[in-house]
Amino acid sequence: MTIRLYDTSARQIRDFTPLTPGCVSIYLCGATVQAAPHIGHIRSGLNFDIMRRWFAHRGYDVTFVRNVTDIDDKIIRKGAEQDRPWWSIGYENERAFNAGYEALGCLPPTYEPRATGHVPEMIEMMRGLIERGHAYEADGSVYFDVRSFPGYLELSNQDLDDLRQPDEGVSGKRDPRDFAMWKATKPGEPDWETPWGRGRPGWHLECSAMAHKYLGSAFDIHGGGLDLIFPHHENEIAQAKAFGDEFARYWVHNAWVTMSGEKMSKSLGNSVLVSEMVKNWRPIVLRYYLGTPHYRSMIEYSEESLREAEAAFGRIEGFVQRATEKAGRTVPPAAEVPPAFAEAMDDDLGVPHALAIIHTTVRQGNSALGADDKDEAIARLAEVRAMLGVLGLDPLDPHWADGSGGGDELHGVVDTLVRLVLQQREAARERKDWGTADAIRDQLTQSGLVIEDSPDGPRWTIANR
């Protein structure tokens, strides 16, 4: 068994060999909490949640670090615009991100450090870089000297002579291509004391410092969205390696959610907030929609594609429900997934191919149900649950079954009420009052429910949009 991953730095799929046998260390660039999350933000966390689940299924002990950037130009600007403390903006949106991750079934990280809690580690790293000649202080700010690090831009495959760093709103650089690790204090902005004066962290320094603290000088996988390759990840590498760390051995990047061909972004006004989406779509359906395309493939958002995802997941969920009813008990997931599913997941987390295996198994299970082959149906159900569990999509998992996935909290109440109505319908049918029975069914249908008569009695599901 060998898991293979596309390594951005190598520009090819590589066999994964962990630093420590049996263990995997992952650092994911998490949220910059200047605003509530849209589904494009959550996709990254969801993709790496699936990666983490697959490593765990393969028997690895996973350490998963996902940071929070709670100090940033945009956060400070939002605070000023809303006449609120900058930290209240960050905290409010950090909670919104965590609510979004939880709603879509992402496991909590092993560690979730905040940038503002790691200023001493940043100072230590800057001091070491200045001593080694890779950084310098100017006007109270600290800059990284990009020409001092020969490997700069190897990740993004750019030419230094053509480089233009994003505007950082700072001055005093020796070279315009140098980037700020620490920004000198400005009136009205938060600041911390350092040997070079008061100021606040630059965006890139925090991740290098926190990865070093929680994962050491070398770790297995660094992840994030494609938009972070430059400047953020390029600058992280420069800082960490110039400091003396080996840093990440594999770089894995997920693609975007787009609208009309453009990256979903609040600045473009085309975002779809998670908090609004879960009011209209079941969170497990959103997870299916965002998590089942390959992580390196763009997702073009549309209501139509969401409805298709809802229908596709409904077919899987319907089988799980019917087979569970046939079994007369909760059938636990199989200890192992089918070999074809494992092969797909080992091959750069090939979720689309793995999903095809799930649908094939569902069809086999439905055929067994149709033939009243209980043992075969139960065997297929166990396999389906095992595969869905890897993807975080098992409808019988307590996260979804107990309503904690958001949007499902009334399911038990609704189920009780619907079954009472269905009992009235059955009583009408037994006394051959077909008019009343049909009227009850029509009323339930108008309420958005689908009623299916089966040998084991009627069952209900929510109609697809």
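Hydrogens, waters and symmetry mates play no part in the numbers below; they use all other heavy atoms, side chains included.
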Legend entry - Residues Glu317 and Arg282 bridged, charged N to O under 4.0 Å: yes
Inset, instruction - Measure the spacing between CG of Asn254 and OG of Ser44 and express it to the nearest 0.5 Å. - result: 4.0 Å
Legend entry - Residue pair Ser9 / Asp7, side-chain donor-acceptor N/O under 3.5 Å: yes
Inset, instruction - With rounding to the nearest 0.5 Å, note down the distance linking OG in Ser208 to NE2 in His212. - result: 10.5 Å
Legend entry - Between CG on residue Asn67 and OG1 on residue Thr32, distance to nearest 0.5 Å: 7.5 Å
Inset, instruction - Give a yes or no answer on whether the side chain of Arg14 reaches the backbone of Gln12 with a donor-acceptor pair at less than 3.5 Å. - result: no
Legend entry - Within 6.0 Å of CZ in Arg114, more than 12 heavy atoms from elsewhere: no
Legend entry - Parallel, tilted or perpendicular: rings of Trp182 and Trp192 (30°, 60°): perpendicular
Legend entry - side-chain hydrogen bond (donor to acceptor under 3.5 Å, both in side chains) involving Tyr301 - partner list, sequence neighbours excluded: none
Inset, instruction - Classify the ring geometry between Phe16 and Tyr250 as parallel (under 30°), tilted (30 to 60°) or perpendicular (over 60°). - result: tilted
Legend entry - Thr324 side chain to Thr330 backbone, donor-acceptor under 3.5 Å: no
Inset, instruction - Give a yes or no on this: more than 12 heavy atoms of other residues, nucleotides or ligands lie within 6.0 Å of atom OH of Tyr91. - result: no
Return a table of donor-acceptor pairs under 3.5 angstrom between the side chains of residues 126-133 and protein atoms on other chains or two or more places apart.
from	atom 1	to	atom 2	distance (Å)
Arg132	NE	Phe243	O	3.4
Arg132	NH1	Gly128	O	3.0
Arg132	NH2	Phe243	O	3.4

Legend entry - Over 12 foreign heavy atoms within 6.0 Å of CZ, Arg11: yes
Inset, instruction - Look at the side chain of Arg249 and the backbone N and O of Ala218, then say whether any donor-acceptor pair between them is shorter than 3.5 Å. - result: no
Inset, instruction - Taking atom types as modelled, find out whether Asp70 and Thr116 have a side-chain donor-acceptor pair closer than 3.5 angstrom. - result: yes
Inset, instruction - Please work out which of the three classes, parallel, tilted or perpendicular, describes the rings of His233 and Trp251, given edges at 30° and 60°. - result: tilted
Legend entry - Heavy-atom check, side chain of Trp400 versus side chain of Pro283, under 4.5 Å: yes
Legend entry - Atom pair CG (Asp175) and CZ (Arg147), whose distance is rounded to the nearest 0.5 Å: 5.5 Å
Legend entry - Heavy-atom check, side chain of Pro190 versus side chain of Trp86, under 4.5 Å: yes
Legend entry - Test item: Ile89 and Glu81 side chains (from C-beta on) under 4.5 Å apart, heavy atoms: no
Legend entry - Counterpart residues, side-chain contact (heavy atoms from CB on, under 4.5 Å), relative to Arg53 (two or more places apart): Asp49, Leu107, Arg287
Legend entry - Side-chain donor-acceptor contact under 3.5 Å, His222 with Glu236: yes
Legend entry - Minimum side-chain heavy-atom gap Tyr295-Asp348 below 4.5 Å: yes
Inset, instruction - Flag yes if more than 12 heavy atoms outside Glu304 fall under 6.0 Å of its CD atom; otherwise flag no. - result: no
Legend entry - Check ion pair Glu276-Lys279 (N to O, under 4.0 angstrom): yes
Inset, instruction - In sequence, state the C-alpha distance, the side-chain angles, and the governing distance for Arg200 and Asp73, and then conclude on salt bridge (Lys or Arg N to Asp or Glu O under 4.0 Å). - result: CA-CA 10 Å; Arg200 61 181 175 87; Asp73 291 342; 2.4 Å; yes
Inset, instruction - Classify the side-chain pair Thr69/Glu206 by whether it contains a donor and acceptor separated by less than 3.5 Å. - result: yes
Inset, instruction - Please indicate whether Tyr6 has more than 12 foreign heavy atoms, meaning atoms of other residues, nucleotides or ligands, lying under 6.0 Å from its OH. - result: yes
Inset, instruction - Look at atom CD of Glu343 and say whether more than 12 heavy atoms of other residues, nucleotides or ligands are closer to it than 6.0 Å. - result: no
Legend entry - Atom pair CE/CD of Met181 and Gln239 - distance to nearest 0.5 Å: 6.0 Å
Inset, instruction - Inspect the surroundings of CG in Asp83 and state if more than 12 heavy atoms from other residues, nucleotides or ligands are less than 6.0 Å away. - result: no
Legend entry - pair Leu5-Leu349: side-chain heavy atoms closer than 4.5 Å: yes
Inset, instruction - Look at the aromatic rings of Phe219 and Tyr27 and report parallel, tilted or perpendicular, splitting at 30° and 60°. - result: tilted
Inset, instruction - Answer yes if the side chains of Asp346 and Trp54 hold a donor-acceptor pair under 3.5 Å, and no otherwise. - result: yes
Inset, instruction - Find out whether the Lys NZ or Arg CZ of Arg66 is both under 6.0 angstrom from the six-membered ring centre of Phe48 and within 45° of the ring's axis. - result: no
Legend entry - Under 3.5 Å side-chain donor-acceptor pair for Thr361 and Glu383: no
Legend entry - Ring geometry between His41 and His38 (parallel below 30°, tilted from 30 to 60°, perpendicular above 60°): parallel
Legend entry - Straight-line distance of Leu396 CG to Leu381 CG, nearest 0.5 Å: 7.0 Å
